[in-house]
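Owing to the predicted nature of the structure, the values given are computational and were not obtained by experimental measurement. FYI, side chains are in, hydrogens and waters are out, and symmetry mates aren't considered; it's all heavy atoms of this structure.
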Amino acid sequence: MQLGLVGLGKMGFNMRERVRRAGHEVIGYDRNPEVSDSESLADMVSKLDAPRVVWVMVPAGEITRNTVSELSELLQPGDLVIDGGNSKFTDDRIHADLLAEKGIGYLDCGVSGGVWGLDNGYALMVGGDAAHVEQAMPILDALRPEGPREEGFAHAGKVGAGHYSKMVHNGIEYGLMQAYAEGFELLDKTDVVDNVPAVISAWQRGTVVRSWLLDLLVRALESDPELDDLRGYVEDSGEGRWTVEEGINNAVPLPVISAALFARFQSRQEDSPAMRAVAALRNQFGGHAVHLAGPSSGAGSTQG
């Protein structure tokens with residue numbers, strides 16, 4: 001089978017290689033000519049035989065919207081577009097309707113696997129019509145992990161279901177990472193435990209908290225046992241926010257995921273205005289000690 005693949009960054013580059021290893025032909029397009037197989041989006045489409053399948057793997061938002069819009073003018077009825085990026089699920093119906101006007105199919109596909117997907121495969125969550133899923137199945141089978149299809153692939157539902165599922169997946173990921181991080185900090189802070197990396201490494205077998213994320217934490221600690229080489233500044237790519245928004249919209253309590261998202265916000269504040277306000281209030285009502293701003297300042301000492 002042929003596949004057009006738009007976007008050959010960290011994920012797309014490895015996905016192209018994995019699909020090729022499965023025996024399929026992949027013609028990729030990227031703005032970086034050093035990795036691209038074609039000179040332009042139009043050139044890529046011209047090299048594909050109908051009915052074409054084009055996988056879009058570019059940053060979510062305006063870049064994805066522009067790419068889908070351009071493809072709507074280049075492709076023909078019977079062709080299929082798959083958005084495998086981290087688009088918000090509400091964009092999917094807009095993309096599907098735009099393409100449907102031209103007789104072009106659309107699937108949204110949540111993809112998880114990161115830089116390890118080339119060798120391990122990618123977990124895939126797909127939204128769209130069953131006929132379009134069947135059309136793309138050779139490529140989906142090439143990308144998913146080896147083993148039973150249902151353990152690495154799901155046709156999650158109608159258009160939007162794939163990206164919605166990936167959004168929730170990433171929200172859960174926020175919570176799991178935050179729990180591991182807080183456990184690491186407590187172990188590192190106490191004077192009871194001497195060898196924190198050894199403890200976390202021992203959790204990899206026989207415990208209920210073992211996971212691939214834990215394995216990755218162990219890997220990080222092997223090269224930097226105190227994680228001193230890193231700054232505790234953490235971005236969020238959007239899915240955590242959208243998950244919390246959906247929790248609010250559906251009256252579903254998400255205390256763990258919400259706290260993990262807010263912890264990321266807090267990581268970006270060198271000096272939190274909110275916590276300055278808390279310190280001021282404690283000082284006002286209880287006379288509690290405060291740490292004054294300034295290079296030579298110390299904590300005030302008061303009773304209370």
Side-chain angles (χ1 to χ4, degrees), residues 1-8 11-31 35-58 60 63-85 87 89 91-111 117 121-144 149 152-163 165-166:
M1 183 172 173
Q2 279 187 320
L3 177 70
L5 181 57
V6 184
L8 300 170
M11 288 278 284
F13 187 90
N14 284 345
M15 290 170 67
R16 176 177 63 177
E17 178 60 23
R18 185 170 176 87
V19 173
R20 284 176 174 173
R21 288 180 183 179
H24 303 290
E25 180 185 1
V26 183
I27 300 172
Y29 169 67
D30 193 275
R31 290 180 298 178
V35 299
S36 187
D37 304 313
S38 46
E39 297 179 355
S40 65
L41 207 56
D43 182 46
M44 182 200 73
V45 170
S46 71
K47 295 177 179 178
L48 298 171
D49 299 326
R52 305 166 186 84
V53 176
V54 176
W55 191 298
V56 178
M57 205 68 190
V58 299
I63 296 176
T64 293
R65 289 191 287 270
N66 291 342
T67 301
V68 171
S69 179
E70 188 174 351
L71 285 171
S72 73
E73 301 296 330
L74 294 170
L75 296 175
Q76 298 175 346
D79 293 345
L80 175 65
V81 173
I82 305 171
D83 177 10
S87 295
F89 69 95
D91 287 346
D92 291 316
R93 176 46 59 190
I94 298 171
H95 294 160
D97 290 346
L98 172 67
L99 293 167
E101 292 176 0
K102 308 292 182 68
I104 303 166
Y106 178 81
L107 295 175
D108 56 283
C109 185
V111 181
Y122 302 88
L124 306 173
M125 299 143 270
V126 180
D129 294 343
H132 293 147
V133 174
E134 187 63 28
Q135 182 180 353
M137 191 55 74
I139 300 301
L140 299 170
D141 276 338
L143 287 169
R144 67 175 177 82
R149 180 184 286 172
F153 166 84
H155 180 192
K158 60 187 178 182
V159 166
H163 281 146
S165 300
K166 179 58 164 38

Using 4.0 Å as the upper bound for N to carboxylate O, is an ion pair formed by Asp92 and Lys166?
no

Is any side-chain heavy atom of Tyr122 less than 4.5 Å from a side-chain heavy atom of Asn14?
yes

Looking at Glu39, I want to see if its CD is surrounded by more than 12 non-hydrogen atoms of other residues, nucleotides or ligands under 6.0 Å.
no

Here the pair of heavy atoms bringing Ser36 nearest to Gly28 is OG-O, 3.6 Å

Could you grab the distance from atom CG of Leu140 to atom CH2 of Trp55, nearest 0.5 Å is fine?
5.5 Å

Least distance between heavy atoms, Gly85 atom then Asp83 atom
N-OD1, 3.0 Å

Using modelled atom types and a 3.5 Å cut-off, is there a donor and acceptor pairing between side-chain atoms of Arg52 and backbone atoms of Asp79?
no

Are side-chain heavy atoms of Leu124 and Val111 found at a separation under 4.5 Å?
yes

Sidechain-backbone polar pair: Arg93 side chain, Gly160 backbone, donor-acceptor under 3.5 Å:
no

Determine the minimum heavy-atom distance between Pro51 and Gly78, stating which atoms define it.
CB-O, 3.4 Å

Working to the nearest 0.5 angstrom, can you tell me the gap between Gln2 CD and Asp49 CG?
4.5 Å

I need the minimum non-hydrogen distance between Ser72 and Ile104, along with the two atoms involved.
O-CD1, 3.9 Å

How far does CG of Leu75 sit from CG of Leu99, to the nearest 0.5 angstrom?
7.5 Å

Nearest 0.5 Å, what's the CG-CZ distance between Leu5 and Arg16?
7.5 Å

Separation of Arg20 CZ from Leu3 CG (nearest 0.5 Å)
10.0 Å

Any chance you could measure Leu71, atom CG, to Lys102, atom NZ, to the nearest 0.5 Å?
11.0 Å

Please report the closest heavy-atom contact between Val6 and Val58, naming both atoms and the distance.
O-CG1, 3.7 Å

Val53 side chain near Met1 side chain, heavy-atom distance below 4.5 Å
yes

Should the pair Asp37-Lys47 be classified as a salt bridge under the 4.0 Å nitrogen-to-oxygen rule?
no

Are the side chain of His155 and the backbone N or O of Gly128 linked by a donor-acceptor pair below 3.5 Å?
yes

Any side-chain heavy-atom pair from Ser69 and Asn66 closer than 4.5 angstrom?
no

Taking all heavy atoms of Arg149 and all of Asp141, pick out the closest pair and write down the distance.
NH2-OD2, 2.7 Å

Quick one: does Thr64's side chain get under 4.5 Å of Asp91's, heavy atoms only?
no

Can a donor-acceptor pair be found, under 3.5 Å and without considering hydrogens, that links the side chain of Asp108 to the backbone of Gly162?
yes

